[in-house]
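The figures that follow rest on heavy atoms only: side chains count, while hydrogens, waters and symmetry mates do not.
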Amino acid sequence: MHNSLSCAACGLAHDAGRLQNLCDECGKPLLVGYDLPAIKDSFTPDAVRRRAIHSMWRFHEVLPVDDAADAVTLGEGSTPLLKCRPVGAAAVFENLFVKDEAFNPTGSFKARGMSAAITRAVALGVKKVALPSAGNAAGAATYYAARAGIECYLFMPEDTPPANIVEAVVGGARVFLVNGLISDCGKLVKQGCERYGWFDLSTLKEPFRIEGKKTMGYELAFDMADVAGSTTLQLPDVIFYPTGGGTGLIGMWKAFDEMQQLGWIGDERPRMVVVQAENCAPVVRAFEAGATHAEMFPNASTKAAGLRVPAAIGDFLMLNVLKESHGTAVTVSDDDLLGGVREFAGEQGIYLCPEAAAVWKAALNLLESGWMKPSERIVL
């Protein structure tokens with residue numbers, strides 16, 4: 001169970017036993033800490049492998065519950081790691097893998113974050129949650145809220161893909177369509193939370209979505225061991241991540257640190273790659289400028305709705321990850337990523353969303369540039 005909450009920027013400690021959004025002092029995201037030495041002997045890779053839990057909650061010691069039975073779950077996590085066939089455009093890679101998060105409930109990795117966030121919110125007495133979303137987070141919030149029996153209020157740009165809107169409405173969420181970007185939706189959520197007492201589930205504005213997302217990092221270590229036919233946990237050489245709010249990127253990096261403290265891995269780390277759309281690339285622009293935070297990206301637009309995040313509250317955390325991992329940040333044009341959807345579907349039999357197609361095209365570009373070697377173990 002989580003033992004502490006502290007600010008990712010100023011380090012101020014917060015009470016883990018009460019509802020929290022951002023830091024009381026500086027308004028930056030809070031991160032959860034665990035007493036890892038206390039669980040080190042019992043929480044081992046072998047113990048995890050023996051468990052009958054087939055979801056991310058098999059890692060419950062480092063998730064926000066006292067008991068795995070208390071989780072609000074729909075079976076999220078434990079998604080497959082698929083090796084790409086060396087054909088067509090992918091023939092230039094020797095070890096290219098896809099972590100297929102479409103196998104999650106509600107069809108995306110957002111399910112992981114919402115399972116953890118809703119679990120903790122309900123434990124602290126929350127009855128109504130709200131958040132802005134340009135797509136997949138809306139569906140995940142809707143269905144985990146329904147599973148928990150609480151109300152869900154969603155603010156979505158009016159040009160959000162219709163399937164995402166229908167999914168939320170069918171699941172009983174109160175959906176408000178906004179003439180603007182996700183940042184405009186976020187302002188309305190903030191006002192609604194102040195006025196109606198909703199709990200804000202926005203990306204990194206509560207501490208627990210990141211806890212669900214970090215389980216991708218734990219799983220990858222087991223996945224790569226399985227690929228190698230070894231019981232020793234391993235990490236890939238490079239991880240490509242489609243980046244809007246960036247919670248998964250920050251979460252995986254947190255998972256690797258926790259695993260090292262638990263003695264599961266050493267100090268090796270993958271190089272992390274942020275992938276953004278050409279016309280909405282605040283983190284790439286900041287990375288290229290050597291900045292420690294990202295400015296709002298003006299006139300943000302892209303067909304990849306999940307990448308249309310013109311400003312992210314976790315910008316400084318993402319830039320830290322890139323620096324510490326010796327990673328990089330790249331953009332992909334809409335034409336390229338849409339072409340990538342068709343290319344990958346026909347050659348690999350995997351139907352990527354535009355956001356995932358962006359990481360596929362980014363990997364091709366970085367291999368061509370010499371930034372990676374064909375023999376490296378690369379995960380999209």
Side-chain angles (χ1 to χ4, degrees), residues 1-40 43 56-57 59-68 70-73 110 112-131 137 141 144 148 150 186 189-190 193-194 197-218 245-262 293 312-321 324:
M1 175 56 181
H2 58 285
N3 301 319
S4 63
L5 276 180
S6 58
C7 177
C10 72
L12 184 72
H14 288 66
D15 181 0
R18 73 173 177 88
L19 272 180
Q20 303 273 0
N21 278 114
L22 298 170
C23 175
D24 299 331
E25 195 68 37
C26 71
K28 295 292 188 190
L30 302 179
L31 294 178
V32 188
Y34 301 85
D35 186 356
L36 298 175
I39 57 173
K40 197 172 178 177
F43 183 47
M56 72 176 197
W57 293 95
F59 304 108
H60 59 82
E61 285 92 340
V62 287
L63 287 170
V65 284
D66 288 319
D67 185 329
D70 297 333
V72 178
T73 178
K110 301 284 186 180
R112 294 179 188 263
M114 288 304 170
S115 176
I118 296 279
T119 292
R120 188 62 189 145
V122 168
L124 291 173
V126 170
K127 298 284 188 269
K128 300 176 181 183
V129 295
L131 70 154
Y144 284 92
I150 63 174
V189 168
K190 186 172 186 289
C193 289
E194 287 164 3
W198 307 331
F199 182 60
D200 191 345
L201 276 187
S202 304
T203 299
L204 284 170
K205 286 186 183 171
E206 64 77 58
F208 298 103
R209 280 175 67 178
I210 192 171
E211 294 304 289
K213 296 273 191 74
K214 80 179 180 191
T215 58
M216 290 188 290
Y218 277 92
T247 321
L249 181 89
I250 300 160
M252 283 188 281
W253 198 247
K254 184 175 188 286
F256 302 148
D257 281 347
E258 290 175 1
M259 282 191 273
Q260 184 177 354
Q261 290 177 60
L262 287 163
H293 76 281
I313 192 168
D315 56 353
F316 69 104
L317 293 168
M318 288 185 257
L319 292 163
N320 280 349
V321 169
E324 289 173 16

For the [atom1] atom of [X] and the [atom2] atom of [Y], what is their distance to the nearest 0.5 Å?
| X | Y | atom1 | atom2 | result |
| --- | --- | --- | --- | --- |
| I210 | T215 | CD1 | OG1 | 11.5 Å |
| T73 | I118 | OG1 | CD1 | 12.5 Å |
| F43 | K40 | CZ | NZ | 13.0 Å |
| S6 | L12 | OG | CG | 8.5 Å |
| M216 | L249 | CE | CG | 9.0 Å |
| L30 | L204 | CG | CG | 10.0 Å |

Look only at the side chain of [X] and the backbone of [Y], and say whether a donor-acceptor pair between them is shorter than 3.5 Å.
| X | Y | value |
| --- | --- | --- |
| Q261 | L36 | no |
| N21 | D200 | yes |
| K254 | V32 | yes |
| K127 | W198 | no |
| D70 | V65 | no |

Could you tell me if R209 and T247 have a donor-acceptor pair between their side chains, going purely by distance under 3.5 Å? no
Between S115 and W57, is any side-chain donor less than 3.5 angstrom from a side-chain acceptor? yes
Evaluate L63 against F208 for side-chain contact (heavy atoms from CB on, under 4.5 Å), listing each step before the verdict. CA-CA 8 Å; L63 287 170; F208 298 103; over 6 Å; no
Heavy-atom pair of closest approach, residues [X] and [Y]:
| X | Y | result |
| --- | --- | --- |
| L124 | G17 | CD2-O, 3.4 Å |
| M318 | G245 | CE-O, 3.3 Å |
| A148 | V122 | CB-CG2, 3.7 Å |
| L5 | P207 | CD2-CB, 3.7 Å |
| L131 | A137 | CD1-CB, 4.1 Å |
| A116 | M56 | N-CE, 4.0 Å |

salt_bridge(D24, R18) N-O dist < 4.0 Å: yes
Strictly below 4.0 Å, N to O, side chains only: are R120 and E206 in salt-bridge contact? no
Dump the intermediate steps for side-chain contact (heavy atoms from CB on, under 4.5 Å) on D15 and Q20, then the final yes or no. CA-CA 8 Å; D15 181 0; Q20 303 273 0; 4.0 Å; yes
Answer yes or no: does atom CD of E324 have more than 12 heavy-atom neighbours from other residues, nucleotides or ligands under 6.0 Å? yes
Run the side-chain contact (heavy atoms from CB on, under 4.5 Å) check on C23 and H14 step by step: do they pass? CA-CA 8 Å; C23 175; H14 288 66; 3.6 Å; yes
Below 4.5 Å, heavy atoms only, C-beta onward: do V189 and S202 meet side chain to side chain? yes
Given the rule in the side-chain contact (heavy atoms from CB on, under 4.5 Å) test, do F59 and K214 qualify, once you have shown the distances and angles that lead to the verdict? CA-CA 10 Å; F59 304 108; K214 80 179 180 191; over 6 Å; no
From the options E258, E211, E61, select the one residue that forms a side-chain hydrogen bond (donor to acceptor under 3.5 Å, both in side chains) with Y34. E211
